[in-house]
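Everything below concerns the one structure shown next.
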Amino acid sequence: MATTGATARRRTWSNWAGTATASPADVVAPASVEELQRDVARAAAAGLRVKALGSGHSFTPIAVTDGLAIRPDRLRGIVSADPATGTATVLAGTPLHELGPALWEHGLAMPNLGDIDVQTLAGALATGTHGTGRRLGGLGTQVAGMQLVLADGTLYDCPADVVPAAAIGLGALGVVATVTLRCVPAFLLRARERPAGFDEVLRDPATFDRFTAAHDHAELYWFPHTRRLLTKRNDRADGPVRPLPGWRRRFDDEFLSNTVFGWTNQVCAARPSWIPRVNAVAARALGAREFTDRSYRVFATPRRVVFRETEYAVPRDAVPAVIGEIEDWLRRSGENVAFPIEVRVAAADDVWLSTAFGRDSGYVAVHQYAGCDHTRYFDAAESILRDAGGRPHWGKMHSLGADDLAALYPRFDDFRALRDRLDPGRTFTNPYLRRVLGD
């Protein structure tokens, strides 16, 4: 198939975690929105399915296609920014780690971000990336406008009533070309990280509520088989900037959290019985630290150890009970898990497919090292989280299908009706979307 975008050499693709692979018929990297429109239209006319690849940081096969794969590498950067209105229009392929510094140059920032910044903006939105903050919504709530390329190549400027659907669109409505974001004035964050006892934060809903209410962005990591947590508390600060010394960042975030953590997971994969003792040491080895820096530098941390992950959003006051049930199951089952469980929060929102739609939410993210079988652990955790009314993160591993999901989202059928209108020929579908949205 002749295409206008530069054809990439590599015709095979896999995601970061190695949980999804694809062999598309063609791969293009358009350099402009106009090229993107022509590539999509020609592929659809030839009967090919079309998917944008993003950075591949989803754990699901959401981007897999055997048709045309679009690499957005050259669709990056800020199109326009207006500090007076607090809005910025950004090309869809812009990586989050580039977007933060670029917005800063305009005196702007995103009010909330996740803890990984390698994703493209469109990919992070499509899968419902949320960050943490009980008074803040996920990235989808920051979308003020969006342009999609439809199957016939039309550049569709989403009207106001469609934006809450397209903001977390799963790649099912069209290929995102640009996103207009509602930003805030650039700000600093003061980060405070310290170990804590389990009951200090997770004894009951009240203690958890106090922890999350006291900070702009609060999260924690629980080390299974211990009663120890690592807490992270990020709050807006006036300054001055006091970043971590370079040696401390390299030692903590690269050597300990990646190199040493990778080694211990390799050892524990071979010797699972060692895991409770290793976790006990790890939970006490992480020292307290405090620093103040630009917001986007504080939000994200490097993750180089490959893992598998499932994450569910549950009603916020259910978090302590859910963690307690997972702890009970680990004790009963004898399953040993080296990876911490991550807990975050978000405010209720009105984005149609947001995991926080209509309710204040707590997120429980369960991980397993890529070198270990995750099946038994994830099945048990998922059962517990589903019983609590949990909604699965769209970019992370889960077992739910369209019928299950329809019962969890009040606007689910509205989203499917919009999909019928914008992509009636299902140019943008794939097996994963057929599973979670139906035909």
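Remember, predicted model here, so these are calculated numbers, not experimental data.
For T120 (side chain) and G93 (main-chain N/O), no donor-acceptor pair under 3.5 Å exists by modelled atom type. Using modelled atom types, one side-chain atom of T310 and one backbone atom of M397 make a donor-acceptor pair closer than 3.5 Å. For T94 (side chain) and V90 (main-chain N/O), no donor-acceptor pair under 3.5 Å exists by modelled atom type. No donor-acceptor pair closer than 3.5 Å links the side chain of R434 to the backbone N or O of T429. In this structure a side-chain-to-backbone donor-acceptor pair under 3.5 Å is missing from S14 to A20. Between the side chain of T65 and the main chain of G67, a donor-acceptor pair closer than 3.5 Å is present. Not one N or O on the side chain of D423 forms a donor-acceptor pair closer than 3.5 Å with the backbone of R419. Side chain of Q142 to backbone of M110: no donor-acceptor contact under 3.5 angstrom is found. Although no hydrogens or angles enter the test, the distance criterion places no donor-acceptor pair under 3.5 Å between the side chain of R316 and the main chain of D360. For the pair R426 (side chain) and D439 (backbone), a donor-acceptor distance under 3.5 Å is present.
Using modelled atom types and a 3.5 Å distance limit, the side chains of D349 and T141 yield no donor-acceptor pair.
Salt-bridge annotation for D216 and R236: absent, with no side-chain N of the basic residue lying under 4.0 Å from a carboxylate O of the acidic one. Taking a cutoff of 4.0 Å between a charged side-chain nitrogen and a carboxylate oxygen, R411 and D350 do not qualify as a salt bridge. With respect to the salt-bridge test (charged N to carboxylate O, under 4.0 angstrom), the residues R42 and D26 do not qualify. Using a 4.0 Å cut-off between a side-chain N of Lys or Arg and a carboxylate O of Asp or Glu, R344 and E311 qualify as a salt bridge. A salt bridge is absent between D115 and K232; no separation between the charged side-chain nitrogens and carboxylate oxygens falls under 4.0 Å.
Atom CG of L385 sits about 13.0 Å away from atom NE2 of H398, to the nearest 0.5 Å. Atoms CZ and CD, on F59 and E309 in that order, are 5.0 Å from each other to the nearest 0.5 Å. Going from atom CG of L75 over to atom CD of E35 covers 8.5 Å, rounded to the nearest 0.5 Å. Taking CG of N265 as the reference point, atom CD of Q368 lies at 8.0 Å (rounded to 0.5 Å). To the nearest 0.5 Å, the span separating CD on E219 from OG1 on T132 amounts to 6.0 Å. A distance of 10.0 Å separates NE2 in H393 from OG1 in T60, rounded to the nearest 0.5 Å.
Every residue two or more places apart in sequence or in another chain was checked for a side chain to side chain donor-acceptor pair (under 3.5 Å) with D117, and none qualifies. Partners of A370 according to the side chain to side chain contact (heavy atoms under 4.5 Å, CB included) rule, which considers only residues two or more places apart in sequence or in another chain, are V306, R308. T127 meets the side chain to side chain donor-acceptor pair (under 3.5 Å) test with no other residue; sequence neighbours excluded.
Contact annotation: the side chain of R386 approaches that of D404 to within less than 4.5 Å [non-hydrogen atoms, C-beta and beyond]. In this structure, L155 and V33 have side chains that are in contact, with non-hydrogen atoms separated by less than 4.5 Å. The shortest side-chain heavy-atom distance between L91 and V79 falls under the 4.5 Å cut-off. Counting only heavy atoms from C-beta outward, the side chains of R421 and V162 approach each other to under 4.5 Å. Contact of the F261 side chain with the L256 side chain is not registered, since no non-hydrogen atoms from C-beta on lie closer than 4.5 Å. Between V322 and Y312, the closest side-chain pair of non-hydrogen atoms is not below 4.5 Å. For the pair L181 and L99, the minimum side-chain heavy-atom distance is below 4.5 Å. At a threshold of 4.5 Å between non-hydrogen side-chain atoms, the residues T207 and D199 do not count as touching.
Nearest heavy-atom pair across R76 and D73 is CD-O, 2.6 Å. Nearest heavy-atom pair across A402 and G438 is CB-N, 3.6 Å. Heavy atoms only, all atoms of each residue included: P392 and L408 are closest at CD-CD1, 4.3 Å. Across L68 and V27, no two heavy atoms sit closer than the pair CD1-N, 4.3 Å. Nearest approach of R194 to A288, heavy atoms of both residues: CB-CB, 3.9 Å. Here the closest heavy-atom approach between residue Y432 and residue P61 is recorded as CB-O, 3.7 Å.
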Apply side chain to side chain contact (heavy atoms under 4.5 Å, CB included) to W394 and L170, showing your working. CA-CA 8 Å; W394 293 106; L170 310 184; 3.6 Å; yes
Please walk me through it: do Y296 and L96 pass side chain to side chain contact (heavy atoms under 4.5 Å, CB included)? CA-CA 9 Å; Y296 63 85; L96 295 179; over 6 Å; no
Run the numbers on T180 and T89 for side-chain hydrogen bond (donor to acceptor under 3.5 Å, both in side chains), then give the verdict. CA-CA 4 Å; T180 299; T89 297; 2.8 Å; yes
Assess the residue pair L202 and F211 against the criterion (side chain to side chain contact (heavy atoms under 4.5 Å, CB included)); give the C-alpha distance rounded to whole Å, side-chain angles, the decisive distance to 0.1 Å, and a yes or no. CA-CA 9 Å; L202 290 175; F211 170 68; over 6 Å; no
Starting from the C-alpha separation in whole Å, work towards a yes-or-no answer on side chain to side chain contact (heavy atoms under 4.5 Å, CB included) for D209 and D317. CA-CA 7 Å; D209 189 67; D317 60 4; over 6 Å; no
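Aromatic ring centres of F339 and Y221: separated by at least 6.0 Å. Proximity of the aromatic rings of H217 and F299 is defined here by a centroid distance below 6.0 angstrom, and this criterion is met.
In this structure, R391 is positioned above the aromatic face of Y409, its NZ or CZ under 6.0 Å from the six-membered ring centre and within 45° of the axis. Annotation: cation-pi geometry satisfied between R249 and F291 (NZ/CZ under 6.0 angstrom from ring centroid, within 45° of ring axis).
Crowding of D161 atom CG: a count of heavy atoms from other residues, nucleotides or ligands under 6.0 Å exceeding 12. Atom CG of D420 sits in a crowded spot, with more than 12 heavy atoms from other residues, nucleotides or ligands closer than 6.0 Å. Environment of CZ in R248: crowded, with over 12 heavy atoms of neighbouring residues, nucleotides or ligands closer than 6.0 Å.
F378 and H374 have tilted rings, their planes meeting at an angle from 30° to 60° on a 0 to 90° scale.
The one candidate from Y369, Y377, W16 that meets the ring-ring contact (aromatic ring centres under 6.0 Å, His included) condition with F307 is W16.
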